[in-house]
Amino acid sequence: MADIIKRYAEAAGLDPMLFGAQGVRAGFITTAAERGADMARIMDVSGHRDPRTVVGYIRRANAFKDHAGGGFL
């Protein structure tokens, strides 16, 4: 998976060292959680057994939503 992602990044003119399977996995879990997906379903799809591991992947996708910078960011 990592090699495929790096190949596509390079083909798009991006630095392949900045991309990998871990980022895709974290992005999937973050997006699913932000959309209200059930933790059990996320774990089923991602193959995790421990919810603490899944929570570690969740990054705040809307970090600048309602931010004081408004539309500037």
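Nothing here was measured: the structure is a model prediction, and the numbers come from that model.
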With the 4.5 Å side-chain cut-off for hydrophobic clustering, are Ile5 and Leu18 part of the same group? yes
OG1/Thr30 to CD1/Ile42 distance, rounded to the nearest 0.5 angstrom? 9.0 Å
Once salt bridge (charged side-chain N to carboxylate O under 4.0 Å, His left out) is applied, what residue pairs with a partner in residues 3-16 remain, sequence neighbours excluded? none
Any ring-ring contact (aromatic ring centres under 6.0 Å, His included) involving residues 2-30? Give me the pairs, sequence neighbours left out, ordered by first then second residue. none
With sequence neighbours left out, the residues meeting side-chain contact (heavy atoms from CB on, under 4.5 Å) with Ala2 are Ala21
Residue list, side chain to side chain donor-acceptor pair (under 3.5 Å) with Ser46, at least two apart or on another chain: His48
Who pairs with Arg41 by side-chain contact (heavy atoms from CB on, under 4.5 Å), at least two apart in sequence or on another chain? Asp38, Asp44, Val45
How would you list, by chain and number, every residue that makes a salt bridge (Lys or Arg N to Asp or Glu O under 4.0 Å) with Arg52, sequence neighbours excluded? Asp50
